[in-house]
**Q** 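Supplied in structure tokens, the structure appears directly below.
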Amino acid sequence: MGNTTGFSRPSRALFALILVAVATPIAASECPDLDSISFDSTAHAFTQERTLKSLPNPLISKGILQIREDSFVWQVCAPFDIRTVIDATGVSQSIEGGPATSPGAGAVQDAIQKINIADIFRGRFDRLANAFTLSSPTDRVRGEPWRVTLTPQPGAIATVIAGIDVSGCQAIDQVAISYRDGGQDQIMVGAAVPEATNAQCPAE
Amino acid sequence: MTHRAGHSWPHMIALLALVLVPVLFGMRLAATGVSVDSDIQSILPETSASAAEVAAIQQASAAVAARIVIGVRGGSPEQDQAGAERLHRAMMATGLFVPSSADMAETTAWVHANRFDLACERDLNRMDAKWGDALAAKARGLIFSGMVPLSGVKLGKDPFLLQLGLLECLAPGAGPASANAVVSGRIVGSPYELNTQNAIKTVLNEWQAAPANHGLSLLRSGAVFFALEAGAQAKREITMVGGISIVLILLLYTLAFRHPVTAGIALLTVFAGALGGAWLCFVVFGTVHFSVFVFGSALTGVSADYAVHSLAARRSTPNSRPPGLRRALTISMLTSASGFAALLFFGIDLFRQIGVFSIGGLLFAWLFALTALPVLDRKRNAPTGKTRLTAPIAAIFRSKAIALGAIAGAMAVTFWGAMHVSFVDDLRQFQTLSPPLTAERTALFGKSGAQFSTNFLLSSGKTLEEALLQEEALIATSDAGAERFLAFSAYAPSEARRAATRTAYEAHLLAPHVEAMRAALGLPHTDLKTAPSDAPLPSWLSALRFERGGMTYLIAPILEPPILGQSSSFNPPEGERVISPPQKYGAALQIYRKQAFTVIGLAAAAAALFLMLVYRSTRAAWLIAPSVIGCAVALCLPGLLGVPVTLFSVLALFIVLGAGIDFSVFQWEMKHDETGWTGTAVLIAALSSCVAMGMLGFSETLPVQTFGITIAVGVLCSMAFSFLAPLAAPKTG
């Protein structure tokens with residue numbers, strides 16, 4: 001009677017060997033080096049946890065972000081519908097379905113553009129070199145998730161932001177912005193939402 | 001044998017006076033220091049603008065013209081920033097600099113305390129439900145979009161981020177293109193104060209010389225830098241003109257008197273006069289404007305003639321006291337002084353000071369020429385006896401036909417020139433803005449960068465509330481747009497507007513939206529107080545308000561459009577309440593110019609009257625004719641060359657008048673001199689005046705240029721016609 005329970009002991013050992021042999025290159029290709037990461041233009045869910053010193057609890061926002069070469073859409077779906085678009089023409093914001101206008105005053109737009117959140121999510125760290133000093137752990141094992149710290153260069157932004165930590169694997173998974181006054185923004189990129197072709201909030 | 005002056009009592013007293021004046025002056029300097037007013041704004045006469053407007057211009061200058069922005073460039077961002085921080089520390093050490101960050105901290109506290117009384121919307125009628133909804137939505141966008149850093153905001157007290165929006169919308173958009181490696185702030189006091197300018201200049205020079213800053217450069221913006229650059233250009237010109245003048249004058253005196261020390265004697269005569277004039281001015285006025293030294297010394301420069309005539313007369317009669325010299329010097333001095341005395345009757349303090357300085361200057365120079373000069377003049381290598389240096393000129397004028405022809409020619413030039421004369425009183429045409437500084441400003445602010453002009457809106461009222469209401473109404477109806485004004489009332493509105501604004505916030509923002517916003521932010525319910533809390537008025541804001549004569553005045557500087565440094569092209573909105581300091585200064589200079597014309601006429605009349613009294617003959621008035629012809633030609637001839645007439649041209653006429661009187665009086669008094677030395681002295685005096693002051697005509701600065709050209713033309717013309725004096729003057733001397 002043949003062995004119905006599966007592979008024989010030698011066969012299992014051989015299979016395990018093959019799995020290890022195959023799996024190693026797969027693991028190495030999961031997290032490319034920092035200069036090789038790319039962004040996925042498919043919309044992704046995100047969660048933002050904003051800790052402000054003047055509030056007792058963090059503010060939690062959920063929404064969809066979509067990164068493209070020529071635009072960056074940041075669509076907050078809850079607790080309010082706020083759509084922010086950064087493209088070649090600048091920054092525009094539509095609140096609760098209202099018309100797209102410049103968010104806040106000039107200083108606010110200036111701050112958004114200086115932080116350059118779109119290129120952070122694109123992983124285009126070379127474009128951030130004018131405003132930030134980049135550093136990453138030297139002991140990272142090749143293929144494992146990576147982490148990079150952006151420290152603002154002296155100037156106006158440095159008086160507000162202490163540093164930005166970006167981590168991920170194939171793309172950006174998490175961005176943490178630390179403010180000088182102790183506040184923090186923690187952004188976690190979630191699963192792809194391919195049905196949100198234009199980064200629209202799902203219908204309730 | 002060398003003639004030595006006799007040691008009579010009057011002589012000794014005069015010498016004592018010459019010694020005592022520097023001693024007394026030195027004692028005053030050591031004890032209290034001299035009080036020199038170096039602020040250009042002090043020249044504004046209260047006749048051209050009300051006292052309040054003059055005060056407002058000074059206040060506005062402190063508020064706007066005192067602002068400076070310096071960018072550090074040329075290194076890496078870190079190097080630039082480090083350089084900017086070193087510069088910031090050096091500027092702070094002067095005690096003359098208030099950084100923008102200090103102003104910003106004060107402003108933030110003030111705006112937060114008054115946030116429910118302030119609004120970006122200037123039209124109260126538009127602060128309705130829609131406005132409140134938009135404010136609430138905008139706040140939700142800023143807080144929950146997650147894109148905006150919200151460092152330092154107090155959401156518990158300001159859940160709609162009013163402070164953030166107000167800080168941005170209330171301040172007109174003036175600032176550098178990049179805030180990186182920039183030192184910005186304001187200078188305490190006036191940027192036109194020479195002491196302030198020198199302190200800033202020292203800081204910049206030391207910063208540039210420091211090894212740590214090598215490779216870095218500065219981009220400067222601010223009135224103080226333009227003033228410094230203008231001063232540096234003047235210094236360069238004075239150095240060049242002064243250097244050439246000294247060489248030429250030394251040459252002239254050496255040629256005539258065969259020894260360069262004679263030029264030193266002439267210079268000492270003028271110096272003694274200027275020292276005496278300055279001393280008298282301080283005794284009479286206490287505080288003296290720095291420009292009085294410039295013009296007072298220039299008028300006292302006429303006294304170089306006394307030295308020249310003394311030197312010449314002593315050479316014409318080498319073995320005895322020159323006959324008639326003392327009388328000629330005295331009449332000449334008293335005639336010029338009586339002419340300059342007309343300045344004392346001017347309604348403007350500046351001119352009275354120049355009058356006292358120049359009269360004192362002539363008196364002390366005269367004393368010097370009579371007493372000290374004979375002691376100093378050893379007549380080494382002196383050519384004595386006859387000289388025929390000016391014989392050709394005398395021969396020409398001996399012919400009546402030629403003399404009449406010359407007069408007719410002068411009249412023709414005068415009339416022809418008069419047809420082409422133009423007047424310039426606008427300060428902005430006096431000197432073009434420094435191209436390097438304009439380029440630095442453009443680099444710093446970008447091509448679209450806007451800055452405050454020196455123009456401002458002036459509002460007033462018997463109370464602060466009245467003044468605020470007027471400012472609010474004027475700005476609301478201005479075509480320029482409210483966002484163009486840095487208005488006191490925007491930050492500290494009238495009580496009426498405060499109450500209406502607070503009501504609008506309560507009705508259209510807080511009532512419909514505050515509970516929902518609190519819930520979204522996770523804040524407990526508490527009453528939100530809308531009444532303003534205590535906060536000190538920012539110091540820069542209080543500088544926009546002043547009181548005078550029981551009235552409260554408010555200044556609202558106006559933002560000029562981006563015009564790449566050409567501030568002159570800014571046309572302020574129509575309305576008599578808009579004050580343009582350049583226009584006010586222009587109006588002041590125009591008044592000065594017109595009054596100076598009147599005074600020069602009065603001075604000539606006073607001098608003629610004095611001569612008629614001295615000589616007891618109406619014909620003596622003709623001794624003024626060479627000066628009058630010189631003045632007329634000097635005023636009109638430049639018109640043919642396209643050179644306009646400025647106040648400084650008219651001031652130069654006083655020198656022409658004084659010098660011309662000297663020439664005529666000496667020609668007349670020494671008419672029996674057959675040695676030719678009198679004519680030679682007149683020629684040397686005229687040429688040295690032309691060299692010393694006429695060379696200023698090569699200056700690139702219009703006032704200096706017109707001053708120099710007028711003197712050169714006027715003095716030469718007066719000199720030539722003074723050879724007619726012996727023909728026209730009284731028969732008896």
Side-chain angles (χ1 to χ4, degrees), chain A residues 46 48-50 52-61 63 65 72 74-76 78-84 86 91 93-96 98 101 103-112 114-115 117 130-131 133 153-162 177 179-183 185-187, chain B residues 72 75-85 101 104 120 130 133-159 161 164-171 173 175-182 516-524:
Chain A
F46 75 85
Q48 180 174 17
E49 190 174 302
R50 171 163 270 200
L52 297 173
K53 281 198 81 177
S54 58
L55 294 180
N57 302 308
L59 298 174
I60 312 283
S61 310
L65 68 89
F72 176 77
W74 185 262
Q75 171 69 59
V76 175
F80 302 103
D81 175 358
I82 305 162
R83 185 181 183 83
T84 308
I86 303 174
V91 186
Q93 195 169 70
S94 161
I95 300 160
E96 290 146 4
T101 56
V108 169
Q109 296 166 54
D110 192 44
I112 293 172
K114 276 188 176 143
I115 295 170
I117 198 82
N130 283 337
T133 303
Q153 286 177 358
I157 282 291
T159 61
V160 178
I161 292 177
I177 304 173
Y179 297 100
R180 292 268 177 210
D181 70 344
D185 271 318
Q186 192 94 27
I187 302 163
Chain B
V72 179
S76 66
E78 290 92 340
Q79 287 170 325
D80 290 349
Q81 185 63 27
E85 281 164 12
S101 55
M104 192 60 195
C120 294
K130 199 175 163 189
D133 293 346
L135 274 182
K138 196 134 202 163
R140 287 195 292 274
L142 288 171
I143 298 167
F144 291 98
S145 75
M147 302 295 286
V148 182
L150 291 177
S151 180
V153 296
K154 297 166 185 165
L155 282 167
K157 290 181 178 174
D158 188 13
L161 300 173
L164 192 68
L166 287 166
L167 280 173
E168 186 77 17
C169 73
L170 294 182
S178 167
N180 289 342
V182 162
M517 185 59 114
R518 283 184 176 282
L521 295 173
L523 290 167

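As a basis for the values below, the full set of heavy atoms in this structure was taken, side chains included, without hydrogen atoms, waters or symmetry mates. Labels below follow one simple rule: chain letters A, B, ... track the order of the sequence lines, proteins then strands, and each chain is numbered from 1. This is a predicted model, so every value here is computed, not measured.
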**Q** Need one label for Phe72(A): side chain, backbone, both or neither, based on atoms under 4.5 Å from any heavy atom in chain B.
**A**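 It is the side chain, since no backbone atom gets that close.
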**Q** Let me confirm one number: the CG-OG distance from Leu523(B) to Ser54(A), rounded to the nearest 0.5 Å.
**A**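 Going from CG on Leu523(B) over to OG on Ser54(A), the span is 7.5 Å.
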**Q** Between Ile95(A) and Lys138(B), what is the shortest heavy-atom contact and its length?
**A**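 Taking every non-hydrogen atom into account, CD1-CA, 3.9 Å.
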**Q** Please round to the nearest 0.5 Å and tell me the distance separating atom CD1 of Ile82(A) and atom CD1 of Ile143(B).
**A**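 Separation between the atoms: 9.0 Å.
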**Q** In terms of heavy-atom pairs under 4.5 Å with chain B, which of Leu59(A), Ile177(A), Val76(A) leads?
**A**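 Most heavy-atom pairs within the cutoff with chain B belong to Leu59(A).
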**Q** Quick check: closest heavy atoms across Pro56(A) and Leu521(B), and the distance to 0.1 Å?
**A**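 Closest heavy-atom pair between Pro56(A) and Leu521(B): CD-O, 4.5 Å.
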**Q** For Ser61(A) and Phe144(B), work out which heavy atoms get closest and say how close.
**A**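 That closest heavy-atom pairing would be OG-O, 3.5 Å.
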